Amino acid sequence: MESTWNNKVLSDMFGATEGTALRVKQAALVVLGIAFLAVAAKIKVPMWPVPITMGTFAVLTIGAAYGARLGLVTILGYMIVGALGFDVFAGSSAEKFGLTYMMGGTGGYLVGYVMATVALGALAQRGWDRSVLWMALAMLIGNVLIYVPGLAWLGQLYGWDKPILEWGLTPFLIGDALKLALAALVLPAAWKLVGRARG
């Protein structure tokens, strides 16, 4: 790994690196990232015991590819778009949207999205996204950061006497393991392509 690549993430390896052109690139990346998050949230892959949605995959890969700061701006932009009433979340719809939806059962997971994006960005800036094993560990950490506030909010909202883990954790573990494996392969592979292009 070249020393000039230290603390860089994938988005740093393309396009402008300073001045107004950098700001334009970053703004474009934020818009593209929000669009990617919105589209991924609506993708449902048939799976047992529940369909896989690609929202968490998009959140974690955006964090890793963008870094902590740009990732944070992007995920907050996504939340603002959702809060304004646009149908950008996995379970939102024309009838259930905006702040009302965000304060429902999904609210804690959305907080976790923000935390996980920043964490993945910070870990990617330390080079974790260039190794399959380290990226898998980063994804695992990101998933924990999503589930902890998600489950805590469900318990607070509906009561801890309810089957919170059955509602908000166990049905999704198989799908999350598959998404973790996918991201653990995709990000290091992208870095190898960058290395070859610059080699």
Side-chain angles (χ1 to χ4, degrees), residues 1-43 53-90 102 109-143 145-146 179-199:
M1 187 184 306
E2 294 180 19
S3 60
T4 55
W5 287 18
N6 288 345
N7 301 319
K8 289 187 180 294
V9 292
L10 277 171
S11 64
D12 295 327
M13 306 306 292
F14 305 95
T17 57
E18 59 185 7
T20 303
L22 172 61
R23 300 297 172 222
V24 171
K25 181 185 86 168
Q26 290 172 331
L29 286 171
V30 168
V31 172
L32 288 172
I34 292 170
F36 176 54
L37 289 164
V39 170
K42 297 299 182 181
I43 296 174
T53 60
M54 297 306 290
T56 54
F57 172 81
V59 166
L60 297 173
T61 51
I62 284 284
Y66 280 19
R69 276 197 283 186
L70 190 60
L72 177 61
V73 172
T74 303
I75 195 69
L76 290 179
Y78 173 64
M79 296 299 169
I80 290 169
V81 170
L84 291 173
F86 292 93
D87 182 12
V88 296
F89 300 126
M102 295 175 76
Y109 296 99
L110 296 178
V111 171
Y113 276 8
V114 177
M115 294 167 57
T117 300
V118 174
L120 263 290
L123 293 173
Q125 286 168 247
R126 287 163 174 74
W128 285 37
D129 59 338
R130 303 178 201 192
S131 154
V132 172
L133 289 177
W134 283 110
M135 188 60 197
L137 180 57
M139 288 289 289
L140 184 60
I141 292 169
N143 273 284
L145 289 173
I146 291 171
K179 287 182 281 186
L180 185 153
L182 178 61
L185 293 171
V186 167
L187 271 297
W191 271 110
K192 285 183 180 177
L193 288 174
V194 169
R196 286 177 191 149
R198 291 173 178 266

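Because the structure is a prediction, the values reported are computed rather than measured. Here, residue 1 is the first one in the sequence, and each next residue gets the next number.
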- Message: Donor-acceptor pair, distance only, cut-off 3.5 Å: does the side chain of Y78 make one with the backbone of G33?
- Response: no
- Query: Can you check whether F57 reaches T61 side chain to side chain, under 4.5 Å on heavy atoms?
  - Reply: yes
- Minimal heavy-atom distance between G121 and V9, with the atoms involved, is O-CG1, 4.4 Å
- Message: Nearest 0.5 Å, please: how far is OG1 in T20 from CD in E18?
- Response: 10.5 Å
- Item | Approximate separation, where rounding is to 0.5 Å, of L60 CG and L120 CG | 4.5 Å
- Task: Specify the closest pair of heavy atoms between L70 and T74, including all atoms of both residues, with the distance to one decimal.
- Result: O-OG1, 2.8 Å
- What distance separates S131 OG from L137 CG, expressed to the nearest 0.5 Å? 9.5 Å
- 4.5 Å side-chain heavy-atom contact, M13 and K8: yes
- For V194 and F14 the tightest heavy-atom approach is CG2-CZ, 3.6 Å
- Query: So do I62 and L37 actually touch side chain to side chain, heavy atoms under 4.5 Å?
  - Reply: yes
- Calculate, to the nearest 0.5 Å, the distance between atoms CE and CG belonging to M139 and L180 respectively. 5.0 Å
- Is there a side-chain contact between M102 and M79 (heavy atoms, below 4.5 Å)? yes
- Query: Hey, what's the ring geometry for W128 with W134, parallel, tilted or perpendicular (30° and 60° as the breaks)?
  - Reply: tilted
- Kindly determine whether L187 and L10 satisfy side chain to side chain contact (heavy atoms under 4.5 Å, CB included), including the steps that lead there. CA-CA 9 Å; L187 271 297; L10 277 171; 3.4 Å; yes
- Task: Evaluate side chain to side chain contact (heavy atoms under 4.5 Å, CB included) for D12 paired with T17, printing each intermediate quantity in order.
- Result: CA-CA 7 Å; D12 295 327; T17 57; over 6 Å; no
- Side chains of T53 and I43: closer than 4.5 Å at any heavy-atom pair? no
- Does Q26 reach the side chain of V73, with side-chain heavy atoms less than 4.5 Å apart? no
- Query: Taking side chain as C-beta onward, heavy atoms only, is M135 less than 4.5 Å from P188?
  - Reply: yes
- Work out which heavy atom in Q125 is nearest to a heavy atom in A68; give both atom names and the distance. OE1-N, 2.8 Å
- Query: Got L72 and V114 here, is their nearest side-chain heavy-atom distance under 4.5 Å?
  - Reply: yes
- Smallest separation among heavy atoms of L29 and S11, with atom names: CD1-CB, 3.9 Å
- Atom OH of Y109 and atom CZ of F89: how far apart are they, to the nearest 0.5 Å? 15.5 Å
- Do any N or O atoms from the side chain of R126 and from the backbone of A122 form a donor-acceptor pair under 3.5 angstrom? yes
- Query: Given the rule in the side chain to side chain contact (heavy atoms under 4.5 Å, CB included) test, do D129 and L123 qualify, once you have shown the distances and angles that lead to the verdict?
  - Reply: CA-CA 7 Å; D129 59 338; L123 293 173; over 6 Å; no
